[in-house]
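A short write-up of the structure that comes next.
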Amino acid sequence: MRALTVLGIETSCDETAAALVRGVPPGPGEIMSHKLRDQAQAHAPFGGVVPEIAARAHVELIDQVISAVLDEAELGLDQIDAVAVTAGPGLIGGVMVGLVTAKALALATRKPLIALNHLEAHALSARLWAGTPFPFLLLLISGGHCQLMAAEGVGRYRLYGATIDDAVGEAYDKTARLLGLRYPGGPEIEALALRGDAKRFALPRPLKGRAGADFSFSGLKTAVRYIVREIERTGALGETDKCDLAAGFQAAVLDVLADRVNVAMQRFRSEFGQEGAVANFVAAGGVASNGAIRTTLEGLCAARGFSLTLPPPFLCTDNGAMIAWAGIERLAEGLTEPLDAPPRARWPLESLGKSA
Ligand code: KG4
Ligand code: ZN
């Protein structure tokens with residue numbers, strides 16, 4: 001099969017991103033150019049993403065970002081095979097900006113439109129990076145999502161477990177806010193945790209040891225809130241308190257993730273009949289750029305005979321390259337969408353099916 005070249009556009013949260021990727025499934029693919037303008041500064045005063053501000057910023061940035069990737073790759077729109085874009089799930093205003101832009105480009109160039117599920121793009125990023133074969137066990141951990149699933153093929157995902165309240169990235173962001181840290185909170189907590197004593201405060205491990213592979217993080221954040229309140233009753237939250245709380249929080253997250261991943265690994269082994277053979281494990285989503293989480297996953301995979309694919313941090317957080325690559329995977333299977341493909345605020349990955 002000849003290599004496909006796809007333009008990918010991502011606007012579902014607070015990153016305006018585009019990329020040009022060339023390749024053939026199962027990958028790896030070649031990232032010809034990629035650009036990203038994050039809006040973290042615009043949202044920082046609010047401690048989280050403000051949908052209205054995000055949508056407006058996407059409108060202002062999207063044209064420049066797309067022009068920049070075409071210039072850098074020295075490609076014209078006539079030289080691409082398709083336009084791929086996130087059609088959901090995500091903040092609906094931002095999704096609409098990207099989708100309308102992609103439709104206009106597809107219409108003007110008469111190229112196919114690939115309206116993608118954002119979570120599928122995260123899932124397939126390991127194939128862009130390393131050509132990871134199906135099936136693989138996927139841990140998707142981001143600001144909006146926290147799931148364990150088996151990926152059997154393009155459009156075919158089996159959910160093993162998901163969060164019953166907050167996503168793990170959301171827990172990092174909310175905890176950071178309690179500690180007076182900047183948004184996004186993940187990198188801030190990770191940095192403070194390196195200097196803290198994880199054992200100083202006793203924090204809960206929600207759902208650890210329970211059957212199934214679901215997650216829960218809101219109780220952990222609430223426990224941090226009570227400790228902060230207690231400390232502030234008698235004085236101010238000091239630097240050491242913040243470091244110790246960050247370390248304690250992250251240790252609890254690591255413990256819970258390891259426990260849930262262990263359960264999912266056993267189920268994956270039994271369902272895919274790979275007893276004794278090396279199985280594939282993939283981590284994706286912004287939280288997978290956390291160094292301590294990466295080390296924990298490396299240890300778990302080594303102990304359980306899983307081969308680990310961990311895309312580099314720039315492919316773990318939201319980006320245009322994973323969208324372009326997922327477009328290549330779908331285009332190779334003839335899965336394109338008509339120009340009236342709808343934007344979707346909610347769109348569970350396991351509902352995709354081949355015809356989605
Ligand atoms: O995948 P992503 O860029 O956006 C979506 O949510 O789709 O993930 C962003 C999330 C934020 O919650 C951020 O705090 C978290 O990923 N994050 C981290 C780290 N870097 C980003 N969490 C923990 N440690 C990090 N180093
Ligand atoms: Zn994402």
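Read the numbers this way: they start at 1 and go in the same order the structure lists the ligands and their atoms. The first residue in the sequence is number 1, and the count goes up from there. Just so it is clear, the values below take in all heavy atoms, side chains as well, and ignore hydrogens, waters and symmetry mates.
Taking the Zn ion (ligand 2) as reference, H122 places its N/O/S atom NE2 nearest. Atom OD1 is the N, O or S atom of D318 at the shortest distance from the Zn ion (ligand 2). When you scan the N, O or S atoms of H118 for the one nearest the Zn ion (ligand 2), you land on NE2.
Residue contacts with ligand 1 for H145 are absent, since no atom lies close enough (heavy atoms, distance under 4.0 Å). Under 4.0 angstrom from ligand 1, the non-hydrogen atoms of D173 all belong to its side chain.
Set against the non-hydrogen atoms of G169, the atoms of ligand 1 under 4.0 Å away are 12 (O). Every atom of ligand 1 with a heavy atom of G144 under 4.0 Å away is listed here by number and element: 6 (O). The H122 neighbourhood of ligand 1 comprises atoms 1 (O), with distances under 4.0 Å to a heavy atom of that residue. The contact set between ligand 1 and H118, taken as ligand atoms under 4.0 Å from a residue heavy atom, comprises 7 (O).
For atom 24 (N) of ligand 1, the nearest protein heavy atom (residue, atom name, distance) is N290 ND2, 3.0 Å. In this structure, the protein non-hydrogen atom closest to atom 10 (C) of ligand 1 is G143 N, 3.4 Å. Here the protein heavy atom with the shortest distance to atom 15 (C) of ligand 1 is V287 CG2, 3.9 Å. Remark: minimum distance from atom 3 (O) of ligand 1 to any protein heavy atom is reached at D318 N, 3.1 Å. For atom 20 (N) of ligand 1, the nearest non-hydrogen atom of the protein is S289 OG, 3.4 Å.
A salt bridge between D241 and R200 is present, with a side-chain N of the basic residue lying under 4.0 Å from a carboxylate O of the acidic one. Between K208 and D255 there is a salt bridge, with a side-chain nitrogen of the basic residue lying less than 4.0 Å from a carboxylate oxygen of the acidic one. A salt bridge links E152 with R158; the closest basic N to acidic carboxylate O contact falls under 4.0 Å. Ion pairing between E170 and K174 holds under the 4.0 Å rule for side-chain N and carboxylate O. Using a 4.0 Å cut-off between a side-chain N of Lys or Arg and a carboxylate O of Asp or Glu, E15 and R37 do not qualify as a salt bridge. One finds a salt bridge joining R233 and E230 here, because a Lys/Arg side-chain nitrogen approaches an Asp/Glu carboxylate oxygen to under 4.0 Å. The existence of a salt bridge linking D259 and R205 is excluded, since no basic side-chain nitrogen approaches an acidic carboxylate oxygen closer than 4.0 Å. Comment: R110 does not engage D78 in a salt bridge, judged by the lack of any side-chain N to carboxylate O separation of less than 4.0 angstrom.
Checking only distances, T317 never comes within under 3.5 Å of ligand 1, N or O to N or O. Of the polar atoms of G186, at least one N or O is found under 3.5 Å from an N or O of ligand 1, judged by distance alone. Ligand 1 has an N or O atom lying under 3.5 Å from an N or O atom of G286, backbone or side chain. Taking any N or O of E190, backbone or side chain, at least one lies under 3.5 Å from an N or O belonging to ligand 1.
Within 6.0 Å of CZ in R177 there are 12 or fewer heavy atoms belonging to other residues, nucleotides or ligands. Other residues, nucleotides and ligands contribute only 12 or fewer heavy atoms inside 6.0 Å of the CZ atom of R56.
Residue contact annotation: P187 has a non-hydrogen atom under 4.0 Å from ligand 1.
Donor-acceptor pairing under 3.5 Å is recorded for the side chains of Y157 and E120. Side chains of E298 and T296: a donor-acceptor N/O pair is absent below 3.5 angstrom, by distance only.
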